[in-house]
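Here is how names work: the chains are called A, B, and so on, in the same order as the sequence lines, proteins then strands, and each is numbered from 1.
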Number of protein chains: 2
Amino acid sequence: MNIGDVASLSGLPAKTIRYYEEIGLVSPLRGPNGYRRFRDSDLHKLNFLGRARSLGFSIEECRNLLAMYEDQERASADVKRLAEQHLESIDRKISELQDMRSTLAHLVDACAGDHRPDCPILADLAAVDGEEDERRDRRATG
Amino acid sequence: MNIGDVASLSGLPAKTIRYYEEIGLVSPLRGPNGYRRFRDSDLHKLNFLGRARSLGFSIEECRNLLAMYEDQERASADVKRLAEQHLESIDRKISELQDMRSTLAHLVDACAGDHRPDCPILADLAAVDGEEDERRDRRATG
DNA sequence: CTTGACCTTCCAGTCGCTGGAAGCCCCATA
DNA sequence: TATGGGGCTTCCAGCGACTGGAAGGTCAAG
């Protein structure tokens, strides 16, 4: 298979696949014309990578997962540990975003959104240090 | 004020402040020794930027917010629109992360995490295309 | 024989910083 | 007055994970 074939089969852009080769995640053969020649096992790896990436694992984590996948000896506990760490980092990100979300939602609510210039959103952003308490009070009250 | 002063007052690293100058977000004066000389208004801007960044606005959005803040003419509706768009993008990110989270949590649950090599996490990652239905079934059943 | 799709490499850019090197400047202390 | 230590300056490089584009080779169809 050429790169275009594995690209459409795996759903990954050809550029990404070349990049994955460059950083050593896949190692397709080469044909006499210099074209990459992908085996079924390469496609399999790319699918694995695509799915792991879609779950938010970093490239290095993917490399790790792939190595574990190919190591018949490793304990499932090793995989689980990695997955749990990733789960925690997802949870941290979610809660950061939820904090932003709630602050921002309050501000949006408080803003009239009309032709007048007065805007609580900008007022909040411009609040000087030491006004956090007032900020919190406004949120609680609002 | 020198850069170190505004750095500690604003909570932004000096490197970041230099970067903000480079991209035109702040324009401190210069002393005869070449040092940046920050006015109160510069510190004010940096606080504004720090707070907007902490709410997840991109640099370009911050530039926009700052311009709106300094434009006495603009309608609060303009600000509100930008904030609402940002809110939507936060919501999209949260829901992507929640999707990842739930898939991953199921997989982690299903994994014994002991010394044996069999691992549902890797099995899922390695599942070939066309097995999404089974994947969903397993999740629903699990 | 030409067209157009596909493939190759290489370089640059994205975003928002961050680290580090090399070299001034300023102030306090011996 | 020398010295030491901190703070300041500029410039360049790198992070992660691609993505875009240029310049050119290859292949199959008409």
Side-chain angles (χ1 to χ4, degrees), chain A residues 1-39 42-43 45-46 48-66 85-86 89-90 92-93 96-97 100, chain B residues 1-38 42-43 45-46 48-66 86 89-90 92-93 96-97 100:
Chain A
M1 286 177 287
N2 283 344
I3 200 167
D5 304 320
V6 282
S8 59
L9 285 172
S10 68
L12 296 171
K15 279 260 173 191
T16 298
I17 296 172
R18 288 193 197 101
Y19 172 68
Y20 286 175
E21 184 191 19
E22 192 185 324
I23 62 175
L25 287 180
V26 278
S27 304
L29 306 172
R30 294 290 177 135
N33 52 9
Y35 286 19
R36 290 168 181 82
R37 220 154 39 72
F38 293 84
R39 292 152 291 186
D42 295 317
L43 176 57
K45 271 194 193 182
L46 289 171
F48 184 105
L49 289 168
R51 174 125 181 94
R53 291 288 298 128
S54 80
L55 288 179
F57 287 100
S58 73
I59 288 286
E60 285 317 302
E61 284 166 338
C62 287
R63 196 191 297 279
N64 232 315
L65 287 168
L66 212 42
Q85 282 167 10
H86 180 48
S89 98
I90 288 177
R92 277 192 300 276
K93 279 180 203 153
E96 278 174 29
L97 284 170
M100 287 181 193
Chain B
M1 285 178 287
N2 283 346
I3 200 167
D5 304 320
V6 282
S8 59
L9 286 172
S10 68
L12 296 171
K15 279 261 175 189
T16 298
I17 296 171
R18 287 195 198 100
Y19 173 67
Y20 286 176
E21 183 190 19
E22 191 185 323
I23 63 174
L25 287 181
V26 278
S27 304
L29 305 172
R30 294 291 177 134
N33 53 7
Y35 286 19
R36 289 169 182 82
R37 221 154 38 74
F38 293 83
D42 295 317
L43 176 57
K45 271 195 194 182
L46 289 171
F48 185 104
L49 289 168
R51 174 126 181 93
R53 291 287 298 130
S54 81
L55 289 178
F57 287 99
S58 74
I59 289 285
E60 284 318 302
E61 285 166 337
C62 288
R63 195 190 298 279
N64 231 315
L65 287 168
L66 213 42
H86 181 47
S89 99
I90 288 178
R92 277 193 299 276
K93 279 181 202 153
E96 278 173 28
L97 284 170
M100 287 181 192

| task | Would you mind classifying the nucleic acid contact of B:Arg36 as base, sugar-phosphate or nothing, using non-hydrogen atoms under 4.0 angstrom? | result | sugar-phosphate

| field | chain B footprint on DNA chain C, 5' to 3' - any atom under 4.0 Å from a heavy atom | value | C:dG16 to C:dC26

| Counterpart residues, ring-ring contact (aromatic ring centres under 6.0 Å, His included), relative to B:Phe48 (two or more places apart) | B:Tyr69

| Which distance, rounded to the nearest 0.5 Å, do you find between the CG of A:Leu46 and the CG of A:Leu9? | 10.0 Å

| So, are A:Arg39 and A:Asp42 salt-bridged, with charged N and O less than 4.0 Å apart? | yes

| message | Which residues pass the ring-ring contact (aromatic ring centres under 6.0 Å, His included) test with B:Tyr35, not counting sequence neighbours? | response | none

| request: Measure from CD1 on B:Ile3 to P on D:dC8 and round the result to the nearest Å. | output: 7 Å

| Rounded to the nearest 0.5 Å, how far apart are CG of A:Leu49 and OH of A:Tyr20? | 6.0 Å

| message | Which heavy atom of B:Pro13 sits nearest to which heavy atom of B:Ala7, and what is that distance? | response | C-CB, 4.5 Å

| task | For B:Arg53, check salt bridge (Lys or Arg N to Asp or Glu O under 4.0 Å) against everything at least two apart and list the hits. | result | none

| task | Could you tell me which non-hydrogen atom of A:Ile90 sits nearest to which non-hydrogen atom of B:Met100, and how far apart they are? | result | CD1-CB, 3.9 Å

Taking N or O atoms only and anything under 3.5 Å, show me the protein contacts with nucleotides 13-20 of chain D, one pair per line.
| unit_1 | atom_1 | unit_2 | atom_2 | d |
| --- | --- | --- | --- | --- |
| D:dA17 | OP2 | A:Ile59 | N | 3.3 |
| D:dA17 | O3' | A:Arg53 | NH2 | 3.3 |
| D:dC18 | OP2 | A:Tyr20 | OH | 2.7 |
| D:dC18 | OP2 | A:Arg53 | NE | 2.9 |
| D:dT19 | OP2 | A:Thr16 | OG1 | 3.3 |
| D:dG20 | N7 | A:Lys15 | NZ | 3.0 |
| D:dG20 | O6 | A:Lys15 | NZ | 2.8 |

| query | Is A:Ile23 touching bases, backbone alone, or none of the nucleic acid, heavy atoms closer than 4.0 Å? | reply | nothing

Filtered N/O pairs between nucleotides 3-6 of chain D and protein, under 3.5 Å:
none

| message | If you take any heavy atom closer than 4.0 Å to DNA chain C, which residues from residues 26-33 of chain A end up in contact? | response | A:Arg30

| request: Compute the angle between the rotation axes at the two ends of the helix from C:dC1-D:dG30 to C:dA30-D:dT1, each taken over five pairs, rounded to 10 degrees. | output: 30°

| query | So how far is it from B:Leu97 CG to A:Leu97 CG, rounded to the nearest 0.5 Å? | reply | 6.0 Å

| request: Output all residues satisfying side-chain hydrogen bond (donor to acceptor under 3.5 Å, both in side chains) with A:Arg37, sequence neighbours left out; order by chain, then residue number. | output: none

| remark: Between A:Gly50 and A:Leu12, the two heavy atoms sitting closest are CA-CD2, 4.2 Å

| request: Please list, chain by chain and in numerical order, all residues satisfying side-chain contact (heavy atoms from CB on, under 4.5 Å) with A:Ser89, sequence neighbours excluded. | output: A:His86, A:Arg92, A:Lys93

| Name of the residue among A:Asp5, A:Ile17, A:Asn2 meeting side-chain contact (heavy atoms from CB on, under 4.5 Å) with A:Phe38 | A:Ile17

| query | For B:Ile3 and B:Ala14, which heavy atoms make the closest approach, and how far apart are they? | reply | CD1-O, 3.6 Å

| Quick one: does B:Leu25's side chain get under 4.5 Å of B:Lys45's, heavy atoms only? | no

| Measuring from B:Glu60:CD to B:Asn64:CG, what's the distance to the nearest 0.5 Å? | 8.0 Å

| said: Holding to side-chain contact (heavy atoms from CB on, under 4.5 Å), I want the full list of residues that pass it with A:Glu21, two or more places apart in sequence or in another chain. | reply: A:Val26, A:Pro28, A:Arg30, A:Arg36

| request: Calculate, to the nearest 0.5 Å, the distance between atoms CD and OG belonging to A:Glu96 and B:Ser54 respectively. | output: 10.5 Å

Any protein N or O atoms within reach of nucleotides 28-30 of chain D? Criterion: under 3.5 Å, listing atom names and distances.
none

